[in-house]
Amino acid sequence: MGSKIKLTNSTGTKITNEELCTLGSQHAVITWVTPQQRADTSMYIGETPKHLKKHTFALDSEFHYLEMYNLKPSTRYWYQVESNGVKGSLNSFTTLPAPKGKYLFSFAVMSDTHINYGEVAEDINEIYFGKLVDYANPLLTQCILDSKRRNIDLAVITGDLTDTASRLQYLGLRNQLLPYFGDTPYLLCPGNHDKYTKNSGLGEQGFLDNLADREKTYTSIIFKDYLFLLIDSCRQDENWGDIDPVQMRWIESMLTTNKDRPAFLFLHHPCNGPDLWFGIKNNREFLKLTRSFPNIQGIFCGHIHRNYVSVNRLMTGSRPYVEVPATVQFPCAYAVVRVYENGFAYNSYKVSRLDLSEMSRERFILKKGGKAILTRYCLGRIGDRSFSYFNDQLFRPKQYELSVTLDNTNANKLYENARSIDGASLIPAYDTKKAKVILGRYDSLHLTTQAFREKFFRYGAYARIMEVGNES
Ligand SMILES: [Fe+2]
C-alpha cells in the first residue's frame, strides 16, 4: 500500500484525482488521493447544500475509497469530500432510478486480466499506457475478492485472461488465481492474447485444455432462467475480431430456441458502431443477426481497456453495448450487473487496491499530458461506468464540471485560495506544465451555469464548463 507517511496538519494536504467512480440507485463510490499524506476519508452529504452531514469512513490513508450506502433512488445529493480538514469542491449527483420488478440475481463481469508470470507481450499498453503487468495477479485476486463481497452469484471474464497464452500462465490461472472464486461459478471467453502462438504461446488449445473445461471455445449456459452466450470473437495471432459463420449460425439457433428467455451476450471484442478500434470486422452482420432478438438485454465485451457504453438507435434501440474496463490497467476495475424482473443495473467499480489503480495512472506516459488523456479515455464518463436499463429505457447519469486550467504555479494559488473558502480539487491537465483546478461538479448543466457565475464573482476565474470525462 502507500508509503508510510505520518499524519500531518492540513498545511500541504491536497485533494487530487477526485472521481465519482460509481453511482447506483442507493449507493455511490468516490475516490481521491492526498499525495504523500495519510489522512481521514470523510464526506459531507445531504439533499441540499445547506444541510450536509459529515461521515468519516477511514482515518489513515493516502488513497481514499469512499462508498456511501442507503441513498434514495432518483434523488439529487450534494457532497463534499474532506481529508485532514481540507475539502474538495461542493458537487452534486442524482442517483439512478431503481430497475422495476423483483431483484433476481447478480453477476460480475471482468476483463483483460493479462496474467503473465513474467512472460509479457511487451505491447504498447505496457510500454506507454500503464498496463501493470507486474501486478496482474494481485489485481485479479483483489477484483475477485471485491466482487464476491458484493454478493455476486456468477462471474464472467471476457478474455485476455493471459498475456501470451503460455502454459505457465494458464496453469497459474487455473491453480492459483481462479480458485479465489471459491464456490462462485465463473464463465470464460477467450481474448486475442489467449490465442497467441508466438513466443511459445499455446493458442486456443491452451485455453481449451487448461481453463475452459469444454470442447469448443464458445458456449452457453442457462443461469436462473437467463441465457448467457459466451462467444469467441478471436482468431489465432490476430488482434482484430471476427465471428465465424459456424458461430453466427449457433448464435441464431441459441437465440431462437431461447427466445422467451432474457439473454446476455459476452465476447472479447466490441461489436457496435463505426467507432470500433480493433473490434469485430463483421460487426454489421452480427448486429443484423442480433437486432431481431429483443430478448437480448445487453452485450458485454473487453479488449479496449476502458469504460464505454454505446447504443445503436437505428438497429437496436436503447439496448446497451458495454465495454468493461481492464483489471490490469487504469482504472483497474470490474463490473457488477444486478438483474431485476424488468431489466438490470450496471456498475463498474475501481479495485479496492486504489494504490495500484493510481500507480497505473501515474505510469501512463505521453509527451504531453498523457495522464489527462488516460483519464478521459480509460475511465470514461459516469454514464459509461453506471447505468440502469429497464422497460427498454436506458438511464445514464451525467456530471459536468467547472474547471480552470493554469500553469502549475497559478493553479496552486487558485487551489489554495478556493480550498480555504469553499473547497476545490486538482487533477493533471493535458499540458504537463499545467494543472486543472476543479471548482465544482454538478449533475445538470443548469446547476453548472449557476455555479459559474458564483465562482466568477468569488475568484475572478473564468471557468470552463464540460462534461466530466469528456475533456479536450
Ligand atoms: Fe487486453
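The chain is numbered in sequence order, starting from 1. For ligands, and for the atoms within them, numbers begin at 1 and follow the listed sequence.
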(message) Under a 3.5 Å distance rule, please check whether Gln37 uses its side chain to pair with a backbone N or O of Ser61 as donor and acceptor.
(response) no
(request) Classify the angle between the aromatic ring planes of His303 and His269 as parallel (below 30°), tilted (30 to 60°) or perpendicular (above 60°). (result) tilted
(request) Would you mind checking if Lys433 and Asp431 are paired as a salt bridge, meaning a charged N to carboxylate O distance below 4.0 Å? (result) no
(request) Could you pull out all residues at least two apart from Phe57 that satisfy side chain to side chain contact (heavy atoms under 4.5 Å, CB included)? (result) Thr41, Met43, His55, Leu66, Met68
(request) Flag the pair Tyr308 / Tyr321 as yes when their ring centroid distance falls below 6.0 Å, and as no otherwise. (result) no
(message) Quick check: Tyr389 with Tyr340 (ring centres under 6.0 Å apart)?
(response) no
(message) Could you enumerate the protein N, O or S atoms under 2.8 Å from the Fe ion (ligand 1), written like residue then atom name?
(response) Asp112 OD2, His114 NE2, Asp160 OD2, His305 NE2
